[in-house]
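Have a look at the structure that comes next, please.
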Amino acid sequence: MKLKHKLIYTIALGLFLSSCDNKLDVKPVTNIDASSAVQTSADVEAILIGAYDSMGDADVLGGNPQRDAELIGDNGDIEWQGTFVPPAQIFNKNMLRDNGQAATTWLDTYRTINVANIVLANLGVVTAAKKSKVEGEAKAIRAWMLFNLVRVYAKAYVDGDPKTNLGVPIVTTPTLEITTASFTSRNTVEQVYQQIITDLTSAESLLPSTNGFYIGKNTVAAILARVYLSQGNYELARQAANRVISSGAYDLAKSFDLAFNNRSNSSEDIFAVQQTEQDNDNGYNTFFASPDYGGRGDIKITDQHLGSYEPGDDRGLFFYESGDIFTAKWADQFANIPVIRLAEMYLIRAEANFRLGGSPVGATSLADINRVRARSNASLYTTLTLDAILKERRFELAFEGHLIHDIKRNKQTIVKTNGSDVRVYPYNSPKLIFPIPMRETDANTQLIQNEGY
């Protein structure tokens, strides 16, 4: 979530400035001790707002990493026609170690983790009435950021042995200045997932069911559903999704188009990045929207994708401009950015129930899938297959940042065809994993680079 004011306590970077009363006698002070900077509950709460603001950046939850998940996972549904080199490398699956987007996503996500760690390190001054909520939100933010990092910079959980595959560094204490102690090594994928689950489980127990547009209990359960789905832990995935659905806090928007381009949260937004005309950083709009709608028009939708929807399915939400096709999901530059929607929870519960068989949790897979399809005026199924469920995810969640992650967890293959040039990328191809940024490995020799870089 992103607030109207950018209030990030720069203690996270050690950049506090101070001066004495005499304006002619200014002592150059570049940092102060955290114990002096964070003294009250209000101080910690303000830092927590800074964590949300950092998380809402375009390079964290504001659209660019989700864009990259669609670019790198593409098999002909989109065309990149932009001039920026980093996303072009991602789309062509030929990233270099110095890819600028890989570096920025890493840096900004760890910055958000650092702000959350500062909050958690200063819970002692938070008033008793607010302590549980503040702790829960900070833990959820840290876990969510770690989850996003490990899925991008490491092998998928289902790719080989997560107990030996290298993940990303787990950082649970604040970094106030860079020293040799700051140079951490990569934890295993398993260790990262366990830290994520530990933080989220704790957060879910600490938070209220709803929390305005901040993270609440239901948001945490929804993130857990994603985490468990990525692991192939379908039992816990369906339970987590069911907790969100059965809470009754959300409803599917009356029509598919009403789930997008809203300047306040829709009825199905479990979490959305807040935008205003004064403070917005909408990466989705920048790259997916056409110039007439405030974007660059860098990502065109192909006829292949458009033709995959059945007639009458309202999820074919596109428009033409100058002969090109663009998705209409991100047409409003100043609209809130849906990050987790209720429809996704129905799809997770349906898939998990179908894979496990037996007595379903909450509702049958067929009922859940038809509920989502009915909202979009698609014809209802009478029988169901796993392929149909996975296609339903693509129709419902297209261009929302799920593509490469679904390909990896389902062990699918990407086939890119350009005339006579046909390139095949299995789910475990090193080219589908981001490099550990070169600026990081140059500074920290303990960071082992990914294969192929």
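This chain uses plain numbering: 1 for the first residue, then up along the sequence.
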## Note on the structure
What one should report as the nearest heavy-atom pair of Val361 and Arg349 is O-CD, 3.4 Å

### Query
Listed by chain and number, what are the side-chain hydrogen bond (donor to acceptor under 3.5 Å, both in side chains) partners of Arg186, not counting sequence neighbours?
Asn450

### Message
How long is the straight-line distance from CD1 of Ile170 back to OG1 of Thr198, given to the nearest 0.5 Å?
### Response
9.0 Å

### Query
Can a cation-pi geometry be assigned to Arg226 and Phe147, taking NZ or CZ under 6.0 Å from the six-membered ring centre and within 45° of the ring axis?
no

### Partner of Arg393 by salt bridge (Lys or Arg N to Asp or Glu O under 4.0 Å), out of Asp406, Asp387, Asp368
Asp406

### Summary
CZ of Phe256 to CG of Asp314, rounded to nearest 0.5 Å, is 9.0 Å

### Task
Would you mind reporting whether Arg341 and Leu397 have side-chain heavy atoms less than 4.5 Å apart?
yes

### Task
Taking side-chain hydrogen bond (donor to acceptor under 3.5 Å, both in side chains) as the test, write out the residues that go with Asn187, two or more places apart.
Gln191

### Query
Could you state the interatomic distance from CZ (Phe84) to CG (Asp298), rounded to the nearest 0.5 Å?
7.0 Å

### Query
Considering residues at least two apart in sequence or located in another chain, which fulfil the side-chain contact (heavy atoms from CB on, under 4.5 Å) criterion with His405?
Ala69, Arg151, Val152

Please table the atom pairs, donor to acceptor, closer than 3.5 Å between any side-chain atom in residues 286-295 and protein atoms at least two apart or in another chain.
residue : atom : partner : partner atom : Å
Thr286  : OG1  : Asn282  : O            : 3.0
Ser290  : OG   : Glu321  : OE1          : 2.4
Ser290  : OG   : Glu321  : OE2          : 3.4

### Query
Could you state the interatomic distance from CZ (Arg263) to CD (Glu277), rounded to the nearest 0.5 Å?
5.0 Å

### Query
Are side-chain N/O atoms of Asp59 and Gln101 paired as donor and acceptor at under 3.5 Å?
yes

### Query
Between Phe334 and Asp332, which heavy-atom pair has the shortest distance, and what is it?
N-OD1, 2.9 Å

### Query
When rounded to the nearest 0.5 angstrom, what is the spacing between CG in Asn64 and CG in Leu71?
10.0 Å

### Message
I'd like to check Arg355 versus Arg238 (side-chain heavy atoms, cut-off strictly below 4.5 Å). Are they in contact?
### Response
no

### Task
Can you see which heavy atom on Val220 is nearest to which on Ala140, and at what distance?
CG2-CB, 3.9 Å

### Query
What heavy-atom pair brings Ala138 and Ala116 nearest, and what distance separates the two atoms?
O-CB, 3.6 Å

### Query
Relative to each other, are the rings of Tyr309 and Phe395 parallel, tilted or perpendicular (30° and 60° limits)?
tilted

## Note on the structure
Correct closest heavy-atom pair for Ile72 and Lys431 would be CD1-O, 3.6 Å

### Query
With a 3.5 Å cut-off and no angle check, do the side chains of Gln274 and Asp279 form a donor-acceptor pair?
no

#### Entry: Test log, rule ring-ring contact (aromatic ring centres under 6.0 Å, His included), inputs Trp80 and Phe91
CA-CA 7 Å; Trp80 170 261; Phe91 179 67; 7.3 Å; no

### Task
Dump the intermediate steps for side chain to side chain donor-acceptor pair (under 3.5 Å) on Glu235 and Gln239, then the final yes or no.
CA-CA 6 Å; Glu235 179 57 47; Gln239 290 181 22; 2.6 Å; yes

### Query
Ser255 and Asp257: side-chain donor and acceptor closer than 3.5 Å?
yes

### Query
side-chain hydrogen bond (donor to acceptor under 3.5 Å, both in side chains) with Glu135: which residues, sequence neighbours excluded?
Lys139

### Task
Answer yes or no: is there a side-chain heavy-atom contact under 4.5 Å between Trp144 and Ile340?
yes

All N/O donor-acceptor pairs, side-chain side in residues 206-213, below 3.5 Å, sequence neighbours left out:
residue : atom : partner : partner atom : Å
Asn211  : ND2  : Glu137  : OE2          : 3.1
Asn211  : ND2  : Ile215  : O            : 2.9

### Interatomic spacing from CG in Leu347 to CG in Leu342 - rounded to 0.5 Å
9.5 Å

### Task
Heavy atoms only: give me the nearest Tyr453-Ile433 pair and the separation to one decimal.
OH-O, 2.7 Å

